[in-house]
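Notes for the one structure printed next.
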Amino acid sequence: MSRSTQDYQSTLVDALPQGAAFPREDAPNRDGILTSVATEFSTADALMDKLLVEADPRTTQMLLPEWEEDYGLPDCQDQDDLTFQERKAILNEKINRVGSLNVNAIKALTERFGVEIEVIERKPFIAGRSRCGDRLAGGASVRYWWSVNILEPRITPFRCGQSHTGEKLLSIRRAKDLECILNKMNHSDTLLAVGYD
């Protein structure tokens with residue numbers, strides 16, 4: 001917790017040696033110099049408090065561009081028009097990304113973006129293994145094709161403390177950033193189709 005200029009000034013006055021050269025009562029020349037020194041100490045103290053907030057990517061405000069640069073963001077061209085809140089969500093997702101393509105990992109990934117999805121893994125209908133009612137998905141090549149169906153648009157409301165002045169109160173858009181991340185995570189031997197309800 002940062003200390004004020006007055007706190008530092010009184011501490012500096014108390015630290016002076018006692019005697020005729022340094023009287024305890026007001027001395028305008030001495031107090032002017034000590035006030036400027038105390039102001040610098042107080043400013044540095046306040047900046048240290050801000051740096052503690054900026055050291056965490058979940059709470060960063062001023063250093064978000066530096067965090068993004070450290071993690072190679074933006075990953076995609078579609079991430080240029082994102083809100084501050086969405087940029088922080090992408091940064092934190094990338095820091096905590098597991099990188100697995102199983103259904104539960106993909107659903108957990110999209111939950112961090114606030115998007116509900118359905119993952120469809122296609123399997124060929126094989127006589128003797130498949131059952132009545134199973135989907136007729138096609139030949140053996142469908143094993144290498146999977147789909148993500150996004151069930152709702154991406155809605156980002158303006159939030160005090162997380163959004164910045166000048167941003168829209170509500171943005172509704174396609175989850176292009178999520179599409180990009182899924183395409184980057186997708187294995188080279190599989191095809192991914194992203195659809196919207």
Side-chain angles (χ1 to χ4, degrees), residues 56-61 63-164 166-197:
D56 187 347
R58 294 170 296 179
T59 58
T60 187
Q61 294 289 323
L63 295 181
L64 180 62
E66 284 80 2
W67 277 104
E68 288 175 326
E69 187 178 334
D70 286 348
Y71 282 91
L73 293 173
D75 275 336
C76 307
Q77 299 164 352
D78 298 328
Q79 294 178 346
D80 292 336
D81 62 340
L82 297 176
T83 65
F84 188 81
Q85 185 179 346
E86 290 169 335
R87 288 171 54 201
K88 277 176 65 171
I90 290 170
L91 170 67
N92 287 303
E93 183 282 320
K94 186 160 187 182
I95 291 170
N96 299 310
R97 185 180 298 165
V98 176
S100 174
L101 282 182
N102 71 43
V103 175
N104 292 331
I106 293 169
K107 286 186 176 180
L109 166 84
T110 58
E111 281 176 11
R112 287 195 292 264
F113 282 97
V115 177
E116 188 179 342
I117 64 160
E118 173 189 24
V119 178
I120 302 166
E121 295 181 294
R122 290 173 175 76
K123 297 176 183 165
F125 191 91
I126 301 171
R129 295 181 109 186
S130 300
R131 297 180 177 192
C132 290
D134 283 354
R135 189 181 298 192
L136 294 174
S141 63
V142 298
R143 285 189 182 122
Y144 307 108
W145 180 36
W146 61 289
S147 299
V148 172
N149 191 21
I150 298 175
L151 302 175
E152 57 190 21
R154 182 168 190 179
I155 299 171
T156 307
F158 186 92
R159 292 196 176 146
C160 294
Q162 294 181 10
S163 301
H164 279 190
E167 292 181 357
K168 295 178 181 177
L169 295 178
L170 179 72
S171 64
I172 302 172
R173 66 178 86 193
R174 289 179 53 190
K176 289 183 181 179
D177 51 346
L178 179 60
E179 286 182 47
C180 174
I181 289 168
L182 289 173
N183 282 314
K184 282 187 175 282
M185 289 174 59
N186 189 25
H187 297 157
S188 60
D189 60 332
T190 59
L191 296 171
L192 167 64
V194 179
Y196 289 84
D197 268 359

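Throughout, residue positions are numbered sequentially from 1 according to the sequence presented. Source: prediction; values computed, not measured. Heavy-atom basis, side chains included; hydrogens, waters and symmetry copies ignored.
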Heavy-atom closest pair (T60 atom, W67 atom, distance to 0.1 Å) is OG1-CD1, 3.8 Å
Shortest non-hydrogen contact from E152 toward E116: OE2-N, 3.6 Å
Would a distance-only check, ignoring hydrogens and angles, find a side-chain to backbone donor-acceptor pair under 3.5 Å from N92 to N96? no
The test is side chain to side chain contact (heavy atoms under 4.5 Å, CB included); show your working for M185 and L109 and say whether it passes. CA-CA 11 Å; M185 289 174 59; L109 166 84; 4.1 Å; yes
For L191 versus N186, what's the shortest heavy-atom pair and its separation? C-ND2, 4.0 Å
Working note: L192 + V148, criterion side chain to side chain contact (heavy atoms under 4.5 Å, CB included); need CA distance, chi angles, decisive distance, verdict. CA-CA 8 Å; L192 167 64; V148 172; 3.9 Å; yes
Where T190 and W146 come nearest, the two heavy atoms and their spacing: OG1-NE1, 3.7 Å
Hey, which of N183, I90, T110 is the one that makes side-chain contact (heavy atoms from CB on, under 4.5 Å) with L178? T110
Ignoring hydrogens, what is the shortest heavy-atom contact between R58 and D56? Give both atom names and the distance. NH2-OD2, 2.8 Å
Interatomic distance, CG@L101 vs CG@L182, rounded to 0.5 Å, equals 8.5 Å
Return yes if some donor-acceptor pair links the side-chain N/O of K94 with the main-chain N/O of L73 below 3.5 Å, else return no. no
Any side-chain to backbone donor/acceptor pair from S163 onto R159? Under 3.5 Å, distance only. yes
Go through the steps for H164 and Q85 under the test side-chain hydrogen bond (donor to acceptor under 3.5 Å, both in side chains), then give the verdict. CA-CA 8 Å; H164 279 190; Q85 185 179 346; over 6 Å; no
Would you check, one step at a time, whether the test salt bridge (charged side-chain N to carboxylate O under 4.0 Å, His left out) holds for R97 with E93? CA-CA 6 Å; R97 185 180 298 165; E93 183 282 320; 2.8 Å; yes
Start with the C-alpha distance between V103 and E121, add both sets of side-chain angles, then the distance that settles side chain to side chain contact (heavy atoms under 4.5 Å, CB included), and finish with yes or no. CA-CA 9 Å; V103 175; E121 295 181 294; 3.5 Å; yes
Is a side-chain donor-acceptor pair under 3.5 Å present for Y196 with E179? yes
Going through the distances and angles, do E86 and E167 end up as a side chain to side chain contact (heavy atoms under 4.5 Å, CB included)? CA-CA 11 Å; E86 290 169 335; E167 292 181 357; over 6 Å; no
Please name the pair of heavy atoms, one in P57 and one in I95, separated by the smallest distance, quoted to 0.1 Å. CG-CD1, 3.6 Å
